[in-house]
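Worksheet: one structure, shown below.
None of these values were measured; they are calculated from a predicted model.
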Amino acid sequence: MNISAAEEDSAQEIHIPADIDWEMLDKSKFFFLGAALFSGVSATLYPVVLVKTRQQVAQVKLSGIRTAFSIVKHGGFQGLYRGFGTSLMGTIPARALYMAALEVTKSNVGSTTVKLGFPEPTAAAIANAVAGLTAAMVAQLVWTPIDVVSQRLMVQSSPSQCRYVNGIDAFRKIVNSHGPKGLYRGFGISILTYAPSNAVWWASYSVAQRLVWGGIGCYLKGGRDETIRPDSKTVMAVQGASAAMAGGISALITMPLDTIKTRLQVLDGEENRLRGPTIGQTVRNLVKEGGWLACYRGLGPRWASMSISATTMITTYEFLKRLSAKNQEGLL
């Protein structure tokens, strides 16, 4: 399915470069370059994720700036990358699973919905939503254990108070204390957080792109009849702006679930060794600490992280797909 065709329906005066589907990709190049590019993205955004996690498990409300200064004060600048090695080792296979599931599902669902008679803009939104939902569920099989381990490392306040030496030590101690299921603490809430978030994000991204292109077409064309052919910089700018809008919407909608998930995986799990806490217990603890607004602790960093991550991710992802296309000439 050509998603761009849907965009051209809503902005017929603009010639948008063709979308690249799963069959058009050189898979080995796609996964190799993807691992390299997204490792760089993860390294850039990791400090923001760490600050957000610290805010979510804090017993009192702290601003993101104060939290960041506290981390640097007690652990130096390297404290902002505590647990990064563990996170990166899991992110590479998880991202590969995510990208494969995303592209395969988008291609198959897109073709099916068009055959069922859906208008192409609607088919595009459905395909993106289902693909995002499926990709998130598949990737959580890897991401949840990595989250549990890396977040335990993130919340250690200083080297002198470290309970875990490194990711391997954390992995071993979690398994010894709770068994393998300890690595999947919060798996259900992770699915409830990331699956809808990804569905909302990809559907919003698809809709936002068409709206932005439509607005640009109305602004640039005026009374002229010629077709407008945007350059690559304009295409990337529209993709980035659409991704940021979609990321902000997803962050706001799913923030309470993300806070509960983090508490289940880190703080409450440390306090209760005999059995894992329930979602109800976690919510009650949060409300007791700061009312319902406590569920939105870390919203600023998460909003920034998801918006910046979405913008960076989608521009990197679209660039990756063009680099990995089998037929470069056919993209023009």
Side-chain angles (χ1 to χ4, degrees), residues 49-62 64 67 83 86-87 90 94 98 129 132-156 163-164 170-171 173-201 247-303 305-306:
V49 176
L50 188 143
V51 170
K52 182 267 298 181
T53 302
R54 286 287 187 92
Q55 285 185 283
Q56 288 176 319
V57 300
Q59 301 294 317
V60 294
K61 184 178 180 180
L62 292 173
T67 302
T86 301
S87 177
Y98 183 92
L133 184 76
T134 304
M137 293 178 69
V138 171
Q140 280 308 310
L141 294 172
V142 177
W143 252 319
T144 297
I146 295 301
D147 265 354
V148 170
V149 174
S150 63
Q151 287 175 347
R152 298 285 178 95
L153 296 174
M154 284 181 189
V155 300
Q156 296 185 129
R163 179 178 178 183
Y164 307 111
F171 178 90
K173 288 179 177 177
I174 292 169
V175 172
N176 287 342
S177 298
H178 305 287
K181 67 179 181 180
L183 296 171
Y184 281 89
R185 186 185 298 278
F187 178 72
I189 195 71
S190 293
I191 294 293
L192 290 176
T193 300
Y194 292 121
S197 174
N198 274 262
V200 170
W201 191 92
I249 292 170
S250 296
L252 185 62
I253 292 173
T254 61
M255 186 67 213
L257 290 173
D258 186 67
T259 301
I260 295 167
K261 174 192 73 71
T262 301
R263 285 292 186 102
L264 283 171
Q265 291 178 328
V266 181
L267 186 63
D268 293 329
E270 293 297 310
E271 294 173 347
N272 189 345
R273 284 169 165 260
L274 297 178
R275 64 182 181 85
T278 65
I279 293 175
Q281 289 172 335
T282 304
V283 172
R284 282 194 294 272
N285 288 341
L286 276 167
V287 174
K288 187 185 298 182
E289 290 170 17
W292 288 105
L293 287 178
C295 294
Y296 282 88
R297 282 180 183 164
L299 176 61
R302 187 166 191 254
W303 183 294
S305 175
M306 285 192 69

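For residues 134-143, no residue pair satisfies the salt bridge (charged side-chain N to carboxylate O under 4.0 Å, His left out) rule, not counting sequence neighbours.
By the 4.5 Å heavy-atom criterion applied to side chains, Thr144 and Ile191 are not counted as neighbours. Contact of the Gln56 side chain with the Asp258 side chain is registered, since non-hydrogen atoms from C-beta on lie closer than 4.5 Å. You'll find the side chain of Lys52 stays beyond 4.5 Å of the side chain of Met306, heavy atoms only. By the 4.5 Å heavy-atom criterion applied to side chains, Val148 and Tyr184 are not counted as neighbours. Residues Trp292 and Val283 are in side-chain contact: their nearest non-hydrogen atoms beyond the backbone lie under 4.5 Å apart. Met154 places a side-chain heavy atom less than 4.5 Å from the side chain of Val49. Trp201 is not listed as a side-chain neighbour of Ile249, based on a closest heavy-atom distance of 4.5 Å or more.
In this structure, the side chain of Asn198 engages the main chain of Tyr194 through a donor-acceptor pair within 3.5 Å.
With sequence neighbours excluded, the residues forming a side chain to side chain donor-acceptor pair (under 3.5 Å) with Arg297 are Glu289, listed by chain and number. Residues passing the side chain to side chain donor-acceptor pair (under 3.5 Å) test with Asp147, sequence neighbours excluded: none. Among residues two or more places apart in sequence or in another chain, the side chain to side chain donor-acceptor pair (under 3.5 Å) test is passed with Thr67 by none. Remark: Lys181 engages no residue in a salt bridge (charged side-chain N to carboxylate O under 4.0 Å, His left out) (not counting sequence neighbours). Applying the side chain to side chain donor-acceptor pair (under 3.5 Å) test to Ser87 and every residue at least two apart in sequence or in another chain returns nothing.
Separating the CZ atom in Arg263 from the OG1 atom in Thr53 is a distance of 12.0 Å, to the nearest 0.5 Å. Atom CE of residue Met255 and atom CD1 of residue Ile260 lie 10.0 Å apart, to the nearest 0.5 angstrom. Atom CG of residue Leu264 and atom CD1 of residue Ile279 lie 6.0 Å apart, to the nearest 0.5 angstrom. The line from OG1 of Thr259 to CD of Gln55 is 9.5 Å long, rounded to the nearest 0.5 Å.
Under 3.5 Å, the side chains of Arg302 and Thr254 contain a donor-acceptor pair of N or O atoms.
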